[in-house]
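Whatever order the structure lists ligands and atoms in, that order sets their numbers, starting from 1.
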Amino acid sequence: MVCLGNICRSPLAEGIMLKLIKENNLNLRVDSAGTSNYHEDEAPDARTIANAAKHHIDLKPLRARQFKTSDFDKFDKIYVMDKSNLSNVLALACHEAHKAKVDLLLNASHPHQNLEVPDPYFGGEQGFEEVFQLVYKVCQHIAFA
Ligand code: 4NP
C-alpha cells in the first residue's frame, strides 16, 4: 500500500488489511510505504489514528518508510492511492514485470476506472472518514477476492 507520506492513506490501508487478515486467518502479507521520505519513522497522522480508532483499528505502532526498489521483488501487488503515486512508483520500476505489479488501489474494486483515494492531509475530519470508507470497502474486495 503506497501513498505520498505514508502517514494517512497507506498506513490506514495497511491497518485495515492487518485486521482483515487477522480476523479471517488469511494467508496474506501487507506493508505500506510512501513515495517521499517526508515523514520517515513517524507514526501515522494523529487525525488518521483517531479516525481509525473509531473503527477499532490501532495504527499507533506503524512507522512511515519510503518505498524502495526492493519492494518490487518482495510483493506481488503494489497498490497506490493516486495517479501521482502511480507515476512516482512506475518511475522506479526497471522492467515490465515490476511495472505490472503496480495498480491504483481502487482498481481492485472498480477495474479500469482509475479512481483515486483522495489525499485527506490538507482537509478536515470529514475527509478522513471518507477515505476510511473508500479504503475499507476496497480492502474487503482484496481480502475476499
Ligand atoms: P498521505 O498524505 O500521502 O496519505 O500520507 C500526506 C501526508 C503528508 C503530506 C502529504 C500527503 N505532506 O505533504 O507532508
Side-chain angles (χ1 to χ4, degrees), residues 1-24 26 28-94 98-145:
M1 300 295 188
V2 179
C3 63
L4 172 62
N6 194 209
I7 57 166
C8 294
R9 293 164 292 176
S10 63
L12 175 65
E14 179 183 351
I16 290 170
M17 284 305 300
L18 286 171
K19 185 179 165 85
L20 291 172
I21 289 166
K22 192 172 175 194
E23 287 180 351
N24 299 282
L26 303 175
L28 290 173
R29 198 163 58 95
V30 64
D31 195 8
S32 69
T35 57
S36 77
N37 64 356
Y38 301 159
H39 299 278
E40 193 79 29
D41 286 327
E42 289 179 24
D45 187 283
R47 297 163 297 174
T48 300
I49 290 176
N51 175 265
K54 282 190 204 161
H55 298 280
H56 311 291
I57 293 172
D58 181 15
L59 300 182
K60 287 195 295 294
L62 302 183
R63 292 295 175 271
R65 71 169 179 91
Q66 189 170 22
F67 182 85
K68 46 186 187 287
T69 51
S70 58
D71 289 320
F72 286 117
D73 291 315
K74 270 196 189 153
F75 297 95
D76 299 319
K77 286 294 302 184
I78 295 160
Y79 288 116
V80 297
M81 300 296 143
D82 63 33
K83 291 171 188 169
S84 164
N85 309 148
L86 183 64
S87 58
N88 287 331
V89 171
L90 288 176
L92 296 172
C94 298
H98 285 176
K99 286 185 185 163
K101 293 183 175 191
V102 187
D103 201 2
L104 288 163
L105 177 64
L106 291 178
N107 277 346
S109 53
H110 298 76
H112 312 298
Q113 291 190 33
N114 297 332
L115 302 173
E116 302 180 290
V117 178
D119 187 348
Y121 188 70
F122 296 105
E125 199 178 312
Q126 180 62 25
F128 286 82
E129 180 59 22
E130 283 166 17
V131 165
F132 181 90
Q133 295 299 334
L134 272 178
V135 173
Y136 190 77
K137 282 188 197 119
V138 68
C139 284
Q140 282 186 310
H141 263 265
I142 292 167
F144 304 117

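For ligand 1, the polar-atom distance check finds an N/O of Asn6 within less than 3.5 Å of one of the ligand's N/O atoms.
Every atom of ligand 1 is numbered from 1 in the order shown, and the set under 4.0 Å from a heavy atom of Gly5 is 1 (P), 3 (O), 5 (O). Taking every heavy atom of Leu4 and a limit of under 4.0 angstrom, the matching atoms of ligand 1 come to 3 (O), 10 (C), 11 (C). Atoms of ligand 1 found under 4.0 Å from any heavy atom of Ile7, numbered from 1 in the order shown, are 5 (O), 7 (C), 8 (C). The contact set between ligand 1 and Cys8, taken as ligand atoms under 4.0 Å from a residue heavy atom, comprises 1 (P), 2 (O), 4 (O), 5 (O). Atoms of ligand 1 found under 4.0 Å from any heavy atom of His39 (numbered from 1 in listed order, with element): 8 (C), 12 (N), 14 (O). The ligand atoms of ligand 1 that sit less than 4.0 angstrom from a heavy atom of Asp119 are 2 (O), 6 (C), 10 (C), 11 (C). The contact set between ligand 1 and Cys3, taken as ligand atoms under 4.0 Å from a residue heavy atom, comprises 1 (P), 3 (O), 4 (O), 5 (O).
With ring centers used as reference points, Phe72 lies under 6.0 Å from Phe67.
Side-chain contact between Tyr38 and Leu4: present, with at least one pair of heavy atoms (C-beta onward) separated by less than 4.5 Å.
A salt bridge links Glu125 with Lys54: the closest approach of a Lys/Arg side-chain nitrogen to an acidic carboxylate oxygen falls below 4.0 angstrom.
Atom 4 (O) of ligand 1 has as its closest protein heavy atom Arg9 NE, 2.8 Å. Nearest non-hydrogen protein atom to atom 12 (N) of ligand 1 is Tyr121 CE2, 3.6 Å.
Atoms CZ and CD1, on Arg63 and Ile7 in that order, are 12.0 Å from each other to the nearest 0.5 Å. Taking CD1 of Ile21 as the start and CD1 of Ile16 as the end, the distance is 11.5 Å to the nearest 0.5 Å. The CZ atom of Arg65 lies 4.0 Å from the CG atom of Asp71; values are rounded to the nearest 0.5 Å.
Cation-pi contact between Arg9 and Phe132: absent, since separation from the ring centre below 6.0 Å together with deviation from the ring axis within 45° is not met.
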